[in-house]
Structure formats: structure tokens, C-alpha cells
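This report refers to the structure that appears directly beneath it.
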There are 2 protein chains.
Amino acid sequence: MIRIAVVDDKINNRKVITDKLSRNNFFTLVFQAVDGEDFLQQMQKLPQDDQPHIILMDLEMPHVDGVSAIGTASSLYPNIKFVVLTIFDDDEKIFRAIRAGACGYLLKEESGEVIADMLMNLWESGAGPISPSIAYKILQMVQMPSNAKVEKQTDNIFQLSDREKEILQLLSQGLEYKEIGAKIFISPNTVKKHCISIYQKLHVNSRSQALRIAYTKGLI
Amino acid sequence: MIRIAVVDDKINNRKVITDKLSRNNFFTLVFQAVDGEDFLQQMQKLPQDDQPHIILMDLEMPHVDGVSAIGTASSLYPNIKFVVLTIFDDDEKIFRAIRAGACGYLLKEESGEVIADMLMNLWESGAGPISPSIAYKILQMVQMPSNAKVEKQTDNIFQLSDREKEILQLLSQGLEYKEIGAKIFISPNTVKKHCISIYQKLHVNSRSQALRIAYTKGLI
DNA sequence: AAACAAATTATCCAAATGGACTATTGTTTA
DNA sequence: TAAACAATAGTCCATTTGGATAATTTGTTT
């Protein structure tokens, strides 16, 4: 039995996909969420044994968008597979979602059978599902000679400011507030304020969790 | 009418693929070649109006291999689409072929219908055909963090006990004492004792510093 | 000049952390 | 057998941290 969670702000979209999957009784819907924030909160309070195996995530959502939610959750829950399920196929979004940790990228226009098949295959073989047109775009990205430009765009999944990146770097060195403050000549209180802002952007609530994301996502 | 050329050193392979395509009369076989050298020569003496639209190319061939043939020909004939058709799916080959200019990568195990469909689609929409398992590998290439991942340490340079390694692993997930205690059914006080022992063995005095060593030395 | 986003500083409070102790129970080693 | 060690669990205490909230400064952009 494959446990699924669906994240989409439109109730109708959620209904369509859950209906598609419910026709196949290998799938169980664990929960639904309306945005990234809601999703991360529901994950936190979920016992580990009830955690979904696969997340189907829309990208365009209010509050916390899909990309940053995938970025956080794929570090926090490395065993869970994140599949983008959206109507958009523009290069920038695809690239950002994949770099954030998505293992698959399906277009909503795919039929229920195709989606179910691909999720089954993901479960059995670990191969992420990719719509053919998306696959081709990814190929083109690899083909692109100047990936330097792309890297800069993707680098900032979490929209950290320069100062925040600097603080995160110092945090990773094991320094505490007052040490960081002394090193860059600001008050420890300010350092703390920056840290809390960083945690909010990474959707975590402790230094260890922030560092996990920083290390696994190559932020430092 | 889509003009096709097939490049493969094994006569049997050529026969299999031409048979598959001949069932669909949208395709015409322009010529066959036994290796990259042969292919490039035949292309040279071919009038422009007779040039194939799509090349199906094996990679493993004598004399001039598929990758270098694609590299040359995709520059010489920029309007022609090069599709790799091979049994190999190792990352290195995929990457090299794509960088050389291949617009698609199909496995020979695909059925005739699938191959025909994808080539038709390439002709109509320009989207290169990619076998799902190949698509997934390409995605993983994009996903690969730029910074080389540290190999996990096999030998225990810091002499951590099994329990301590377990605790360190849980610490890296961002859990706190009481959460770890609950997870492995021991008192939070004991978790704390383990942590302090870990810090002593790593010669640090905070969680962040311990995690830094853990991440950069491949302890987790 | 006004508006706006960062960056800065501060205070209060509850919770978590690191460190130093002591102590019991098994296991392994000398 | 005695000593050493690992894992367990607890107490006390000072420090650090995370969170909320408010206020000021500093650049940019409009």
C-alpha cells in the first residue's frame, strides 16, 4: 500500500487527483494540504510510521510555494519522494523544483492511468516519473553550455539575503550569537534576529534543522 | 515522410530497428551505416535534399564511436536530429552523448510502437524522445549538488560507539533530546549524556560544531 | 520627498543545551 | 576476580537559544 499526500491550494485540483488515484487500491491518501506551510506543519505532527511515501505537490501556491517546501522537506525527510504535479512546464520552475529535491515532474494533463503507472514504478524501481515533454526540457538544460547563469538563479531556493547567507555560513562553523557578532561587528541580538529570519525562510525552528538543509542543499 | 538513417555495427540490430519502423509508412530509410566513420562519409556524398531528418545511432561501434560521430555531425548538419538508440544506460555515456548534441536517448528494449510514436512526436513538435529510465538519470545529473559529496567513512576515526553514532544520526535530523529519547525509548537525560560523550570524542563543545564534523567527515 | 525593504538593536520569557556530578547495571578485558 | 567500559538515569546550574514584539537606522526605488 503506497501512502500518498497531495498538496494543492485548489480544492478542485485535489479532488481530481485523489479521484484518479482512488480508482487504484494500491494508493492510500494520508492527508491533503493547501500550501507548503500547511504541508510542513502536518508532516511535523505525523507519527513516522504514518508518513506518506510520495508527495504530489503543486508549485503555484500562496504563502509557502512548492519549491521551497520541497527544499525543506526533502532535507528533513530524505526517504520521501517528492513529485511535482502541475500545469506549468516553464524551464525555470522545472529546474528550481528539481534542484530543490523533486524526483519527478508530471503534468496535470496526464491521464489517471499514466500517473498511477508512473507512481507505481517510482515505488517499485525508484525511478522518478517524468512527463516526456519535461524530460526533453531537462535534457536541454544539461545540453546548455553555459550552466553558470543557471546556477545563480537556482542557488537561492530559499531567498536568503546576502547577510543571512553570511550568518548561515558562520553558524555552520559552530559559532554562537556573541561570537558571530564579534566577528562581523554587530550586536549578538542582531545575529539572533537574522537567525530567526533564516529559520523562517527555511521553514524550520532550530539551528540543527537549518544546518541539515544548508549541508544537504549545498547552501554552505 | 520522415527520412531516417540507422547507424549500428551489428547487422541484426539494424534489421530489427528498420523492421520496426517499416511497419509505419511515414518513415523512409535513407541509408544504413556500420560505424561513425562510414556514417560521416555517406552523409558527405549525399545531396542535401536527400539528407535524413533523423539519425538513429548506436554508441558502441568500432573505429569512430557514436558520441564523437554525433559531436561532429550535429555541428555539420545542425538541422538533423540525432537520437541515440542503444542498450546501454550508464550515466557517463548518456551525459557524453547529450553534450555531444543528441536530442534524444532511447533504449533498444522499447517497443516498435513506442519508438515510432516518439519519432513522430520529435518530427511534429521537436521534442526529443527519451526513455523514462534515461529521463530519470538525466534528472539526477541536474540534481547532483555541485559540491562533491563526501564519501561516507567506513572506519571509525573518532571511536564513536554504535549508540553514539545512532544518536549523532538523530541529532543531524534536527531532533532534540526529548524527541530522540522518545524515538529510541531511553531517557532524555541519557541522550544528553551520549551527546556530551560525542562532543568529547570529537573535541568540540556544541551541537553545531559536532554536526559540522559529522557532515564534512562523512559520519552521517 | 515618500515609500519600502534590509539591517540593526533591544527587551522579556520559556525552553533547550552543555557541563559537572553521582550511581546502577551489564560486558569485556587484563 | 578486579578493573575498565558502555549504557542507563538522575540532579544542579549557568548559558544559550528560539520566539514575539517593538523601535531605529540605512539604503533604494519610485
Side-chain angles (χ1 to χ4, degrees), chain A residues 37-38 40-41 43-45 63-65 68 72 75-76 155-215 219-220, chain B residues 155-215 219-220:
Chain A
E37 184 80 47
D38 183 22
L40 289 167
Q41 281 175 4
M43 280 300 296
Q44 263 192 335
K45 62 182 69 155
H63 307 310
V64 175
D65 78 333
S68 95
T72 298
S75 285
L76 256 36
D155 209 71
N156 218 349
I157 296 172
F158 297 102
Q159 314 259 61
L160 295 184
S161 71
D162 287 349
R163 195 56 150 175
E164 286 163 349
K165 282 187 270 189
E166 185 184 8
I167 301 276
L168 184 56
Q169 176 65 47
L170 294 167
L171 271 186
S172 79
Q173 289 168 25
L175 305 181
E176 52 191 47
Y177 295 150
K178 66 171 77 162
E179 292 174 313
I180 294 175
K183 180 159 281 200
I184 61 177
F185 309 109
I186 61 176
S187 156
N189 295 311
T190 309
V191 177
K192 177 176 166 178
K193 180 75 189 69
H194 285 308
C195 287
I196 291 177
S197 301
I198 292 169
Y199 299 164
Q200 286 172 343
K201 290 187 181 179
L202 301 190
H203 316 300
V204 299
N205 42 37
S206 78
R207 188 172 299 190
S208 309
Q209 292 177 327
L211 291 180
R212 178 180 189 80
I213 292 175
Y215 282 114
L219 268 45
I220 49 181
Chain B
D155 54 342
N156 201 347
I157 51 177
F158 294 104
Q159 309 265 59
L160 296 183
S161 70
D162 287 350
R163 195 55 150 176
E164 286 163 349
K165 282 186 272 190
E166 185 184 8
I167 301 277
L168 184 57
Q169 176 64 47
L170 293 167
L171 272 186
S172 78
Q173 289 170 25
L175 304 181
E176 51 190 47
Y177 294 150
K178 66 171 77 160
E179 291 174 315
I180 294 175
K183 181 159 282 201
I184 61 177
F185 308 110
I186 61 176
S187 156
N189 295 310
T190 307
V191 176
K192 178 176 166 177
K193 180 67 187 73
H194 285 308
C195 288
I196 292 177
S197 301
I198 291 169
Y199 300 163
Q200 286 172 343
K201 290 186 180 178
L202 301 189
H203 312 297
V204 299
N205 43 35
S206 79
R207 188 171 301 190
S208 310
Q209 293 174 330
L211 290 181
R212 179 181 187 80
I213 292 177
Y215 282 114
L219 267 44
I220 49 181

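The structure displayed is predicted, hence computed values, not measured ones. Quick note on labels: first sequence line is chain A, next is B, and so on, each numbered from 1. What you see below is based on every heavy atom in this structure, not just the backbone, and it leaves out hydrogens, waters and symmetry mates.
- Closest to the B/S187 side chain, of the nucleotides C/dG18, D/dT16, D/dG10, is D/dG10.
- In this structure, B/L202 and B/Q209 have side chains that are not in contact, with every pair of non-hydrogen atoms separated by 4.5 Å or more.
- Computed from coordinates, the A/I196 CD1 to D/dT16 C1' distance equals 12 Å when rounded to whole Å.
- Using a 4.0 Å cut-off, some side-chain N or O of B/Y199 falls inside it from OP1 or OP2 of C/dG18.
- You'll find that the side chain of B/S161 is closest to D/dA7, out of D/dA9, D/dA7, C/dA7.
- Using a 4.0 Å heavy-atom criterion, one finds that A/N189 contacts the bases of the nucleic acid, with or without backbone contacts as well.
- The side chain of A/E176 lies closest to D/dT17, out of D/dT8, C/dG18, D/dT17.
- The side chain of A/K193 approaches D/dA22 more closely than any other nucleotide in the set D/dG18, D/dA7, D/dA22.
- For B/I184 and D/dA6, the CD1 to P distance is 17 Å, given to the nearest whole Å.
- The nearest whole Å value for the distance from the CZ atom in A/R163 to the C1' atom in D/dG27 is 14 Å.
- The minimum heavy-atom distance linking B/L211 with A/Y215 is given by the pair O-CE1, 4.5 Å.
- Residue contacts for B/S197: at a heavy-atom cut-off of 4.0 Å it reaches no nucleic acid atom on any strand shown.
- In this structure, the CD1 atom of B/I186 is 16 Å from the C1' atom of C/dT24, given to the nearest Å.
- Distance A/D162 CG to D/dT28 P: 13 Å, rounded to the nearest Å.
- Side-chain proximity of B/R207 to D/dG19, D/dG10, C/dT17: nearest is C/dT17.
- When distances run from any side-chain atom of B/K192 to the nucleotides D/dG18, D/dA6, D/dC12, the shortest one goes to D/dC12.
- Under the 4.5 Å side-chain criterion, counting only non-hydrogen atoms from C-beta, B/L170 is not in contact with B/E179.
- In this structure, A/Y177 places its OH atom 15 Å from P of C/dT9, rounding to the nearest Å.
- Candidate nucleotides C/dG18, D/dA20, D/dT17 were compared by shortest atom distance to the side chain of A/Q200, and D/dA20 ranks first.
- Taking the side chain as every heavy atom from C-beta outward, B/I186 and B/R163 approach each other to under 4.5 Å.
- Rounded to an integer number of Å, the gap from B/E179 CD to D/dG18 C1' is 14 Å.
- Taking atom CD1 on B/I180 and atom P on D/dA9, their separation rounds to 14 Å, with Å as the unit.
- When the nucleotides C/dT8, D/dA7, C/dG19 are ranked by their closest atom to the side chain of B/E164, D/dA7 comes out on top.
- Nearest nucleotide to the B/H194 side chain, out of C/dA6, D/dA7, D/dG10: D/dA7.
- To the nearest 0.5 Å, the span separating CG on A/L171 from CD on A/E164 amounts to 11.0 Å.
- With hydrogens and angles left out, the side-chain atoms of A/S197 and A/K193 include a donor and acceptor closer than 3.5 Å.
- Among the nucleotides D/dT8, D/dT16, C/dA16, the one closest to the side chain of B/T190 is D/dT8.
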